[in-house]
Amino acid sequence: MTDTTTTPPEIGGIGHSVKRVEDARLIEGQGNFLDDISLPGMLHMALVRSPVAHARINGIDSDAAMAVDGVLAVVTGELMAAHNLAWMPTLSGDTQAVLATDKVRYQGQEVAAVIATDPYAAADGAELVDVDYEMLDAITTPQQSLAEGAELIRDEKEGQTDNLAYTWETGDEAATEAAFASADRVVSLTTHYPRSHPSPLETCGIVADVNSVTGQATIYMTSQAPHAHRTLFALVAGLPEQNIRIISPDIGGGFGNKVPIYPGYVVATAASLLIGQPVKWVETRTGNLISTGFGRDYYMTGELALTNEGRIQAMRVDMLSDQGAFYSDAQPTRYRAGLFHVCTGSYDFPHAHIKCRGAFTNKAPGGVAYRCSFRITEASYLIERLMQTAADELGIDPAELRLRNFIQPEQFPYETATGFVYDSGDYPTALRKALDAAGYEELRAEQAAAREEGRLVGIGIAHFTEAVGAGPAHTYDIAGLKMIDSAELRVHPTGKAILKLGVKTQGQGHETTFAQIVAEETGIPATDIKVIHGDTDDTPYGLGTYASRSTPVGGAATAMVARKIADKARHIAAHLLEAAPEDIERSADKFHVAGSPDQSVTIQDAAFAAYTNLPEGMEYGLEDVTYYNPPNLTFPYGSYVVVVDVDPDTGVWKVRRMVALDDCGVRINPMIVEGQIHGGLTEGFAMSSMQWITFDDDGNCIGSNFMDYLIPTAWETPRFELLETVTPSPHHPIGAKGIGESATVGSPAAFVNAVIDAVAHLGVRNIDMPVLPDRVWEAIDSAGG
Amino acid sequence: MLPARFDYVAASSVEEAIAAKAEGGDEARILAGGQSLLPMMKLRFATPSKLVDINRIAGLDAIRSHNGHLHVGALVRHADIAASGAVSGAVASAAPWIADPLVRNLGTMCGSVAHCDPEGDWNSVLLATGAEVVAQGPSGRRTIDIGDFVQDFFTNSLAEDEMVVALHIPVPSGRSGGSYQKLERKVGDYATVGVATHLELADDGTISAAGVAMTSVAPINRKATDAEALLVGNAPSAELFAEAGEAAAAAADPRDDVRGSARWKRRVVAAFTQRALAAAAEQAQS
Ligand SMILES: Cc1cc2nc3c(=O)[nH]c(=O)nc-3n(C[C@H](O)[C@H](O)[C@H](O)COP(=O)(O)OP(=O)(O)OC[C@H]3O[C@@H](n4cnc5c(N)ncnc54)[C@H](O)[C@@H]3O)c2cc1C
């Protein structure tokens with residue numbers, strides 16, 4: 001860790017590894033999670049989910065359920081339809097069933113809800129709701145779904161005659177084709193980025209409390225985006241927005257899973273509205289895994305046109321996504337496949353053409369950005385796997401191939417072939433530093449020697465570039481809402497402050513780092529600043545926390561509002577010091593007259609004066625609010641190197657080393673940054689080695705609990721060796737780029753490339769994730785190894 | 001956890017437990033560590049009418065050596081076995097591979113054996129070592145060979161009014177060794193493939209007794225009898241163990257599933273049998 005602090009530890013501004021202030025209450029069991037909330041008269045809801053993937057509903061019999069002691073109501077799609085709430089809009093302009101009326105379209109789909117006086121009665125009732133299903137064939141892959149004659153999944157959707165969810169393309173097709181036609185070499189890779197699940201340890205839930213007299217709807221909800229959800233509730237349910245208060249309490253992990261609005265939220269709110277009592281719904285683990293927003297599920301074919309020397313000329317991509325039954329990606333509206341077109345990666349070449357299609361299948365909808373900025377994980381995986389393929393095909397060392405193609409430091413700001421303008425970077429330095437730390441040359445020598453002895457050693461590289469911090473209002477919106485964010489800073493007379501945010505932490509440490517930004521900009525000690533977030537009645541508007549946008553957007557808003565406060569304080573200081581405001585300078589903890597440092601006042605003096613002794617004409621108080629519209633995205637990057645040993649007898653592979661260099665610009669709290677990287681690398685390791693949500697031919701989800709959907713423990717997770725470079729973002733007020741997702745985005749390709757590198761000499765070019773030992777063994781076996 | 005309704009009895013003696021269970025009929029279940037039963041109740045795959053909790057019965061938590069056998073009581077947890085100085089061979093080798101530390105603190109060896117989950121590790125170890133199950137009913141105790149006790153997929157040979165009170169695992173007086181090799185996707189995962197081995201050596205160094213049994217590659221934990229027959233009477237060698245590995249692979253009957261293909265699992269059985277035999281021989285020879 002490099003020391004880049006400008007404030008003393010007592011102030012704890014940027015660069016201090018301050019301990020997370022939120023941890024004490026969470027560790028000591030004093031947090032307040034959704035399931036901790038209990039209101040007087042609160043009822044409990046259980047969902048009835050479809051046991052089958054595709055079937056027509058011929059009838060629902062709730063008599064037996066209603067006979068259970070404590071059951072008060074069974075809500076069906078028919079009842080929801082009477083209130084015009086059987087369907088709801090998705091974040092991608094599609095509609096999604098709240099409770100199924102006509103058909104069920106995936107296993108786990110919500111069919112009815114049982115409201116009861118206690119959760120056991122609700123669960124007993126749910127088991128007894130008798131649904132008459134008429135079975136239909138299940139379609140479980142997008143290839144089947146788009147085949148001639150496939151059954152229409154979305155038969156309710158006007159104008160829909162096939163199972164195509166969307167098409168989208170970008171880039172210059174003609175120039176790309178021309179480059180391919182004249183290329184020395186063309187390299188191609190077809191791979192599937194499997195369906196995964198964000199799996200926050202806390203599942204989704206709600207306590208909806210609609211006051212039957214005032215109409216006030218107080219909604220406690222596991223939400224990564226409380227303000228956006230308030231507006232969507234207003235638009236969908238027709239409730240007046242001032243009467244909706246969304247409170248997102250402590251959240252036990254989000255990872256994108258808590259961005260969408262789920263049917264359970266809508267039904268519980270409707271039930272509270274109809275019954276006039278609070279209604280709680282807490283999802284089961286299985287419910288979470290089989291019905292809520294999944295990640296990935298992209299089938300990708302990527303091609304590179306190269307010169308014989310390995311210079312890339314162009315890239316061509318054909319992508320087919322499995323959307324499940326409803327198209328509900330969380331995505332910036334105009335790009336149908338999110339930011340997937342950032343797939344040109346860290347490389348300098350002029351042409352690219354990206355073609356995307358999405359298909360409906362009988363699987364859960366979602367397509368959330370699982371710890372990633374709208375499909376950047378898939379993009380980064382594709383280009384970095386392609387670089388490995390190209391290296392193997394052309395016989396060029398994979399590190400060397402990257403160095404030959406990198407965007408050079410002096411080319412920034414750099415416009416990519418698909419129109420992103422990368423803000424800053426020094427890729428060659430980053431890769432070389434990571435390679436040196438790993439001892440790359442020696443590893444290659446060892447690998448060659450090991451092969452002689454029949455041992456398999458692989459060295460995998462990934463150099464990723466992310467595009468995060470959505471985003472500029474001219475380009476990015478979700479459901480029409482511009483992706484700006486806000487911060488409000490109130491400094492009290494004693495110099496203590498509260499900072500209110502539009503973004504919402506789910507474990508990232510906002511309560512610590514955002515206070516550090518204010519400390520840096522104002523000199524108020526971070527420990528004197530309370531950060532408030534998650535309650536829409538008490539915080540300024542914002543689009544929420546996902547896509548690594550908190551620091552790039554909310555963090556920028558915080559820096560800007562703190563600067564406004566510091567500026568007002570400077571004027572007050574001038575008044576107190578009887579000097580001209582232009583002559584006042586600010587050091588880490590004082591305002592002083594230029595040239596005479598002992599003539600000074602503190603920010604606390606200025607804060608007191610703001611309520612007691614002001615210059616003439618100045619408004620009382622020391623508070624302000626800023627809405628920040630970022631001029632561009634930010635582009636964190638990193639170089640990862642993984643070393644694996646592969647057992648040729650069983651295909652089992654073990655990570656021997658993992659060197660991860662991240663450049664996320666300025667690090668506000670280096671310890672928290674490293675924590676985010678550790679978590680992200682662990683998730684990347686999980687996806688590459690063991691995780692997938694898969695289905696049998698009938699559409700039954702295999703992976704509906706944590707015995708089948710695997711979360712790695714400390715035991716199998718490799719040790720990580722972290723490195724850094726710091727290249728500030730030139731357009732961000734404090735030069736920070738965001739770090740929450742880099743490691744999840746960048747690391748899967750590094751792990752997979754390492755395994756491929758171990759067996760590439762046998763002719764193996766691809767093994768799809770998860771790289772299970774049987775797949776490795778089969779690949780070796782069929783390559784004749 | 002929202003299971004279906006059930007009655008609950010905390011027994012204070014084996015007699016009381018047996019009586020309470022008999023009263024409840026075939027819908028009543030013994031509750032030991034709860035590490036298999038409670039997850040199934042949570043998912044409502046199991047809906048017992050009554051749970052007979054044996055955790056408060058005194059005297060069931062001992063591990064003792066007696067008459068050339070290790071006696072393991074019904075409340076001995078996996079963690080007790082892992083920490084015990086009295087265990088050796090395949091038993092000692094398998095203990096740290098059962099589940100994860102939390103489950104090991106509660107789950108019992110007897111409960112696991114009674115459960116007869118083909119993915120459970122202990123029954124392979126008991127088959128390889130030739131252990132016996134001690135059952136108690138209203139008319140007293142009887143001893144059942146582990147091969148007869150494990151009847152089928154989740155089915156043991158206990159009568160409705162019997163419970164397991166102990167396991168008797170032979171501890172050979174001569175030179176012997178054993179090992180358990182397990183492939184799991186992560187800690188706490190059931191075996192994708194597991195192989196238990198047990199070898200005893202005669203004075204001339206040849207193999208006088210051999211046990212090989214497999215986990216997760218057949219409808220129940222399965223003994224590889226052909227492999228065992230190959231081994232007995234021969235001197236330990238890499239070639240012999242490779243041959244035994246092939247025999248075990250042939251005896252396995254794995255399925256294709258999310259953990260991997262059947263073809264590949266057979267290869268893992270061969271490799272693991274070979275490695276587990278080598279480890280057992282090394283122990284016996286040292
Ligand atoms: C996350 C997790 C991971 C696991 N991983 C593994 C693994 O890797 N390998 C492995 O082998 N096991 C694994 N298990 C299962 C674990 O070993 C259990 O402890 C064991 O299967 C059952 O023992 P128990 O004492 O918990 O029995 P319980 O769950 O209490 O009972 C299981 C069954 O046996 C019956 N029973 C219990 N005791 C007796 C008795 N004395 N007499 C008659 N019947 C009895 C019960 O009625 C019930 O039907 C795992 C469990 C979990 C939750």
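Keep in mind the model is a prediction, meaning the values are calculated, not measured. Residue numbers begin at 1 in each chain, while the letters A, B, ... track the order of the sequences.
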Self-check item: Main-chain N/O of B:Ser261 paired with A:Asp774 side-chain donor or acceptor, under 3.5 Å
Solution: yes
Quiz item: Should we count CZ of A:Phe706 as having more than 12 external heavy atoms under 6.0 Å?
Solution: yes
Exercise. Identify which of A:Asp124, A:Asp649, A:Thr694 forms the greatest number of heavy-atom pairs closer than 4.5 Å to chain B.
Key: A:Asp124
Quiz prompt | Side-chain heavy atoms of A:Tyr120 within contact of B:Arg5, under 4.5 Å | solution = no
Self-check item: Interface moiety of A:Met690 toward chain B, non-hydrogen atoms closer than 4.5 Å
Solution: side chain
Exercise. Under the side chain to side chain contact (heavy atoms under 4.5 Å, CB included) rule, what do A:Trp777 and B:Val268 come out as? Steps first, then yes or no, please.
Key: CA-CA 10 Å; A:Trp777 182 85; B:Val268 179; over 6 Å; no
Quiz item: More than 12 non-hydrogen atoms from neighbouring residues, nucleotides or ligands closer than 6.0 Å to CG on B:Asn105, yes or no?
Solution: yes
Quiz item: Can you say whether A:Pro770 sits under 4.5 Å from chain B via the side chain, the backbone, both, or neither, judging by heavy atoms?
Solution: neither
Quiz item: More than 12 heavy atoms of other residues, nucleotides or ligands under 6.0 Å from CD of B:Glu282: is that the case?
Solution: no
Practice problem: State, yes or no, whether a side-chain contact exists between B:Leu43 and A:Thr286 at a heavy-atom distance under 4.5 Å. | Solution: yes
Self-check item: 4.5 Å side-chain heavy-atom contact, B:Leu183 and A:Thr650
Solution: no
Quiz item: How about B:Asp253: does its CG atom have over 12 heavy atoms from other parts shown lying under 6.0 Å from it?
Solution: yes
Practice problem: Salt-bridge test for A:Asp708 and B:Arg259: reply yes if a basic N is under 4.0 Å from a carboxylate O, no otherwise. | Solution: no
Quiz item: More than 12 non-hydrogen atoms from neighbouring residues, nucleotides or ligands closer than 6.0 Å to CZ on B:Phe45, yes or no?
Solution: no
Self-check item: Rounded distance [0.5 Å steps], CZ in A:Arg775 versus CH2 in B:Trp264
Solution: 11.5 Å
Exercise. Name the option with the most non-hydrogen atom pairs under 4.5 Å to chain B; the candidates are A:Ile711, A:Leu772, A:Val652, A:Thr717.
Key: A:Ile711
Quiz item: Is there a salt bridge (charged side-chain N to carboxylate O under 4.0 Å, His left out) between B:Arg263 and A:Asp781 once you walk through the steps?
Solution: CA-CA 11 Å; B:Arg263 197 168 89 93; A:Asp781 191 56; 2.8 Å; yes
Quiz item: Is it the side chain or the backbone of B:Arg275 that comes within 4.5 Å of chain A heavy atoms, both, or neither?
Solution: side chain
Quiz prompt | Side-chain donor/acceptor of A:Glu716 to backbone N/O of B:Arg185, under 3.5 Å | solution = no
Quiz item: Is B:Arg44 atom CZ crowded by more than 12 heavy atoms from other residues, nucleotides or ligands, each under 6.0 Å away?
Solution: yes
Quiz item: Contact part of A:Asp696 toward chain B, heavy-atom cut-off under 4.5 Å: side chain, backbone, both or neither?
Solution: neither
Self-check item: Leading residue by heavy atom contact count with chain A [cutoff under 4.5 Å; candidates B:Arg267, B:Lys42, B:Lys186]
Solution: B:Lys186
